[in-house]
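In what follows, every chain begins at residue 1, and chains take the letters A, B, ... in the order their sequences are listed. Bear in mind that the values here come from a model prediction, so they are computed numbers and not experimental data.
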2 protein chains.
Amino acid sequence: MKFEPIKTEKVYEKVIEQIKDMIYNGELRRGDKLPSERALKKQLNVSRASIREAFSALEMIGLIESRPGRGTFIKEQADKNLLEPLSLVLLLEDDVASELLEVRKVIETDCVRMAAKRIDDEELEFLRSVLKKMKSKSGFEDESIELDRDFHYSVARAAKNKVLFYLMTSIMDAMDFHIKYTRTKLVSKEETMNEFTIHHEKIFKAIESGDSEKAIEEMNNHLKYVEKLINREIEG
Amino acid sequence: MKFEPIKTEKVYEKVIEQIKDMIYNGELRRGDKLPSERALKKQLNVSRASIREAFSALEMIGLIESRPGRGTFIKEQADKNLLEPLSLVLLLEDDVASELLEVRKVIETDCVRMAAKRIDDEELEFLRSVLKKMKSKSGFEDESIELDRDFHYSVARAAKNKVLFYLMTSIMDAMDFHIKYTRTKLVSKEETMNEFTIHHEKIFKAIESGDSEKAIEEMNNHLKYVEKLINREIEG
DNA sequence: TAATATATGATGGTCTGACCATCATCTCTC
DNA sequence: GAGAGATGATGGTCAGACCATCATATATTA
């Protein structure tokens, strides 16, 4: 005998299901306005509370956005921290920092390989400008972190694969969350930043010349260096 | 002049923030019971509706689980479809199927490389049993899909990196969602399944002998084959 | 006494109705 | 015609109610 598990789907889950379907069918697109909560309440014959529970869940994952007085809309652009949920769940895992770094290594290796093949002039120019700023302004914590992030994100973007880009940014975010204190300490050292800048330049040169293998090598060097610093910081 | 954006954080977001902090501080762990909605309502001095909006969001991302009559708990095990949110947001993107496949290729390549180095006897035995079943039972749609999934998931698990495993399963889920009809068609052909089984065996042998390079090669062959099938199916 | 049946209370799930702040729009006034 | 003010729609929040489910305590029964 085989019993089917009885799933008592909650009302707000059914609401989500319907919205999901509408997106899947193309009835809802980026920037579209959803019916108002009160309108949906009538259409779906449920309470406004259930609608709002569905909306808050969808807002959390970055699919929709509610603007008071205006309405609720499908997000125009996916957030950077699209996978903040992932970071949260990772909080429950032990020993996740080292795993994150390992994943970042493999993902970013892929990014840089693809970027070397696919980057266009505009993105090259942007990377160049980031590098320039890095060289001139070493020292200020916040800005240094921003520039470092810019560099790596831009490389990921140049890989021309949105899914990979999402993953990459999410991993970075999750790492930041897990080692935030460590990271700040690291990047605030001028010596470290100088070393970073040298690495970044090497990576950039390899990408610029379309040399995937070289780019991978330089990226691996860089990330090994990062790993070493993090471990030294954590353990010592 | 630089203005700070005024963020009017909603109540339910503040609730989430507090729970997040408690997890970060280790006050909440796997399986722990959260205070009841009515208790939280008093403690945080907000309405039950706001608590429930927060909970539904956290439940959506797989962090908590509400059991009627019992209470609300931090999830014991992270769901497989941890990144269903990702799948949803990807629905808004165009041309995402090919990108997903590309990402799956790079992720799974990494998985198989690491698996070849880290797999233990138990997992080897499980993979063996999956292969055995595949050989004996080719034909039934649902079961074939299950076995295929089992194989790839097990390889990912053997890589001994939970984050990578989450990503891998999520990519697979997202792919399934985007090409579900195609997938069913593919796997239902006996010829395809036989080919798959041969590929899987080669991959398994490479992993078994700890040969990363060989494993990567065989996995790439397999995924190229999959890609070819999908494109043929999609394009006509 | 021990097993069973029942009642109680706590919990999540849902609904209703209300009030507020924000925003777009219409309308009135000058 | 331009600006000011009123109006209505919208999301944000709250309070209170009722239900089904479940664990526990209590009462009943063998």
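If you measure from atom CD of B/Glu9 to atom C1' of D/dT13, you get 15 Å, rounded to the nearest angstrom. Distance CD (A/Glu59) to C1' (D/dT10): 14 Å, rounded to an integer number of Å. Going from atom NZ of B/Lys10 over to atom C1' of D/dC14 covers 17 Å, rounded to whole Å. In this entry the distance linking CZ of B/Arg48 with C1' of C/dG12 reads 6 Å, nearest Å. Atom CD in B/Glu53 sits roughly 14 Å away from atom C1' in C/dT14 (whole-Å rounding). Going from atom CZ of B/Phe73 over to atom P of C/dT11 covers 11 Å, rounded to whole Å. Nucleotide D/dA9 holds its P atom 17 Å from the CG atom of A/Leu40, rounded to whole Å. Note: OH (B/Tyr12) to P (D/dC14) measures 14 Å, nearest angstrom.
Comparing C/dG12, D/dG11, D/dC14 against the side chain of B/Glu37 picks out C/dG12 as the nearest.
The residue A/Lys33 sits apart from the nucleic acid: no heavy atom pair falls under 4.0 Å.
Below the 3.5 angstrom threshold, one finds no donor paired with an acceptor across the side chain of B/Arg67 and the base of C/dG13. Taking 3.5 Å as the limit, the base of C/dG12 and the side chain of B/Arg38 contain a donor-acceptor pair of atoms between them.
For B/Arg70, no side-chain nitrogen or oxygen approaches OP1 or OP2 of C/dG12 to under 4.0 Å. Neither OP1 nor OP2 of D/dG12 sits under 4.0 Å from any side-chain N or O of B/Ser50. For D/dA15, the OP1/OP2 oxygens have a side-chain nitrogen or oxygen of B/Lys41 closer than 4.0 Å. Look at A/Arg52 and you'll find a side-chain N or O under 4.0 angstrom from OP1 or OP2 of D/dG12. Using a 4.0 Å cut-off, some side-chain N or O of B/Thr72 falls inside it from OP1 or OP2 of C/dG12.
Using a 4.0 Å cut-off between a side-chain N of Lys or Arg and a carboxylate O of Asp or Glu, B/Lys105 and B/Glu102 do not qualify as a salt bridge. The pair A/Asp150-A/Lys133 does not count as a salt bridge, with every side-chain nitrogen at least 4.0 angstrom from each carboxylate oxygen. Contact check on A/Glu59 versus B/Lys10 returns a salt bridge, with a Lys/Arg side-chain nitrogen under 4.0 Å from an Asp/Glu carboxylate oxygen. The pair A/Glu37-A/Arg48 counts as a salt bridge, with a side-chain nitrogen and a carboxylate oxygen less than 4.0 angstrom apart.
A donor-acceptor pair under 3.5 Å is formed between the side chain of A/Glu99 and the backbone N or O of B/Lys162.
Mapping B/Ser36 and A/Ala49 onto DNA chain C via the closest heavy atom, the residue that lands nearer the 5' end is B/Ser36.
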